[in-house]
Visitor: 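Got a structure here, written out as C-alpha cells. Questions coming.
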Amino acid sequence: MEQQLRVLGKKIIEHKYNLSKKIDEVRVSLGEHPTEQTEFVLNLRGELFSYFGKALYEDKKTSQEHFINWGRKNGELAVQHEVPLDKALSSTRYYRMVLWDFIRNEISNEKFSVETILKAASIIDPFLDETVHAFSVAYVENNNRVLGLAREAIEELSVPVVRLTRAVAVLPLVGTIDTHRSKLIMETSLQKCMELQIEHLFIDLSGVAVIDTMVAHNLFKVINSLKLLGVNVTLSGMRPELAQTVVSLGISFEGFSIAGNLYQELEAMGIRPQKNK
C-alpha cells in the first residue's frame, strides 16, 4: 500500500498544473466565471496540489506545516486583493472535486487497492480542511488588522487640531460624539497641544447636533486637562441643547471662555484670512 500511495502521490505532483487549470473548467461547468489563469495563480494552485501529492508519502508533521503555511499565506493574499471570504472559501470544493476526479481516473488506469484509496482519502480530506481553517484564521486576522489601520486613520482625521498661528489652534468637531470618540478627543487634543505648544485652543461645536450627558461630562474633562497644561480653551458654536445639558450637570464655566461665533472671535483676536492680491 505504501508503494501505491507513493505512485499516486507522484502522479498528482506530475499533473499539478493541469489540475490547476481544471479548477476553472469546473467553475464554468457550475455556471461561475473563471478566474484569470495567470502564472501566479497557477503556481499557487500547483503548490497546493503538490502538497497533496507529497502528503501521501511524507511524514504527517511536514505535510501539516506545508498546508498551514499555504493557507495562511493565501489568506493574507486574499485580504490584500480584497477577495470576499465567502468567495475565497468556495474554491475549496473545486480543489476537492478536481483532485478526486483525477484519482478516479487513475484508479481506472492503475490497479490501486481499495485500502490505498481509503488511506489516500483519510490523508487528503483532513489536510484540505486544515488548509481551509488556516486560510480562514489568517484572513480574519489580516482583515481585522487592515480595518484597524483604517479605523485609526479615520479616528485621527475625526479629531483635527488645526494650527492657526504659532500658539493658537482650533479643534472643529463634526458629527456624532459618542463615549469612544470623546475619549479619543481627550487623548488626541492633549497630545497635539503639547506637540504644537498651543497656548489657546478653540473647540468648535457648531457641527455637532447632539451630545449626551456622559459625552458632555467627558468633554469638560478634556477642557480641565488642557487647563492643567496651561492651554486656554474657548468653546464656540455651543447649541442651546448642549448648554442645557452642561447646566443640568452642574458644570462650572469658570476657567474657559465661550464664543457664540468662531469667526467673530478669531477676528477679535486679529486672526483673519489673508486676501488674495
Side-chain angles (χ1 to χ4, degrees), residues 79 82 140-277:
V79 173
E82 299 180 346
V140 171
E141 288 177 351
N142 283 277
N143 193 54
N144 287 342
R145 178 181 58 80
V146 170
L147 290 175
L149 292 173
R151 184 171 58 251
E152 288 176 7
I154 292 172
E155 288 179 344
E156 185 175 347
L157 292 173
S158 72
V159 190
V161 176
V162 182
R163 173 179 258 166
L164 301 177
T165 68
R166 187 200 64 78
V168 179
V170 61
L171 171 58
L173 298 178
V174 179
T176 302
I177 300 179
D178 55 15
T179 303
H180 172 73
R181 191 179 176 199
S182 65
K183 291 179 181 178
L184 181 68
I185 291 169
M186 173 177 284
E187 295 170 3
T188 305
S189 60
L190 293 177
Q191 180 184 349
K192 288 292 185 181
C193 284
M194 286 190 294
E195 287 179 1
L196 301 175
Q197 296 183 329
I198 298 301
E199 297 174 5
H200 197 129
L201 178 68
F202 287 88
I203 300 179
D204 186 61
L205 301 171
S206 56
V208 178
V210 178
I211 296 181
D212 62 23
T213 302
M214 181 60 71
V215 172
H217 182 71
N218 289 336
L219 183 59
F220 280 86
K221 282 173 64 177
V222 174
I223 295 172
N224 289 328
S225 298
L226 288 167
K227 284 162 56 181
L228 292 175
L229 294 176
V231 180
N232 295 317
V233 178
T234 298
L235 281 181
S236 63
M238 183 181 289
R239 295 170 182 266
E241 309 92 88
L242 175 58
Q244 291 175 1
T245 302
V246 172
V247 171
S248 66
L249 286 173
I251 295 174
S252 172
F253 288 88
E254 185 180 353
F256 65 94
S257 57
I258 297 177
N261 184 288
L262 176 62
Y263 180 78
Q264 291 176 354
E265 189 69 16
L266 291 175
E267 273 200 328
M269 293 180 66
I271 301 174
R272 299 182 180 86
Q274 293 184 350
K275 294 182 180 180
N276 294 328
K277 295 182 179 180

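Nothing fancy with the numbering, it's 1 onward along the sequence. Computed over heavy atoms, backbone and side chain alike; hydrogens, waters and symmetry mates excluded. This is a predicted model, so every value here is computed, not measured.
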Visitor: So with a 6.0 Å cut-off around CD of E195, is the heavy-atom count from everything else above 12?
Guide: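 Yes, because the 6.0 Å sphere around CD of E195 holds more than 12 heavy atoms from other groups.
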
Visitor: Identify the two heavy atoms, one from C193 and one from V231, that lie closest to each other, and give their separation to 0.1 Å.
Guide: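 Scanning both residues, the minimum pair turns out to be CB-CG2, 4.3 Å.
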
Visitor: Are more than 12 heavy atoms from other residues, nucleotides or ligands located less than 6.0 Å from atom CD of Q197?
Guide: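 Incorrect, the count does not exceed 12.
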
Visitor: About how many Å separate CG of L201 and CG of L229, when rounded to the nearest 0.5 Å?
Guide: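 Nearest 0.5 Å value for the CG-CG distance: 11.0 Å.
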
Visitor: To the nearest 0.5 angstrom, please state how far the NZ atom of K221 sits from the CG atom of L226.
Guide: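 Rounded to the nearest 0.5 Å, the NZ-CG separation comes out at 13.0 Å.
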
Visitor: Rounded to the nearest 0.5 Å, what separation is found between the CZ atom of R163 and the NZ atom of K192?
Guide: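 It comes to 10.5 Å.
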
Visitor: Which one of V233, V170, V161, T234 satisfies the side chain to side chain contact (heavy atoms under 4.5 Å, CB included) criterion with I203?
Guide: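 Testing each of V233, V170, V161, T234 against I203, the sole residue satisfying side chain to side chain contact (heavy atoms under 4.5 Å, CB included) is V233.
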
Visitor: Once you round to the nearest 0.5 Å, how far does CD of Q191 lie from OG1 of T188?
Guide: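 Going from the CD atom of Q191 to the OG1 atom of T188 covers 6.5 Å.
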
Visitor: Quick one: closest heavy-atom pair of I198 and A169, and the distance?
Guide: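 The answer is CD1-CB, 3.7 Å.
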
Visitor: List for me each residue that meets side-chain hydrogen bond (donor to acceptor under 3.5 Å, both in side chains) alongside D204, sequence neighbours excluded, and say none if there are none.
Guide: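 Partners of D204 under the side-chain hydrogen bond (donor to acceptor under 3.5 Å, both in side chains) test: S206, S236.
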
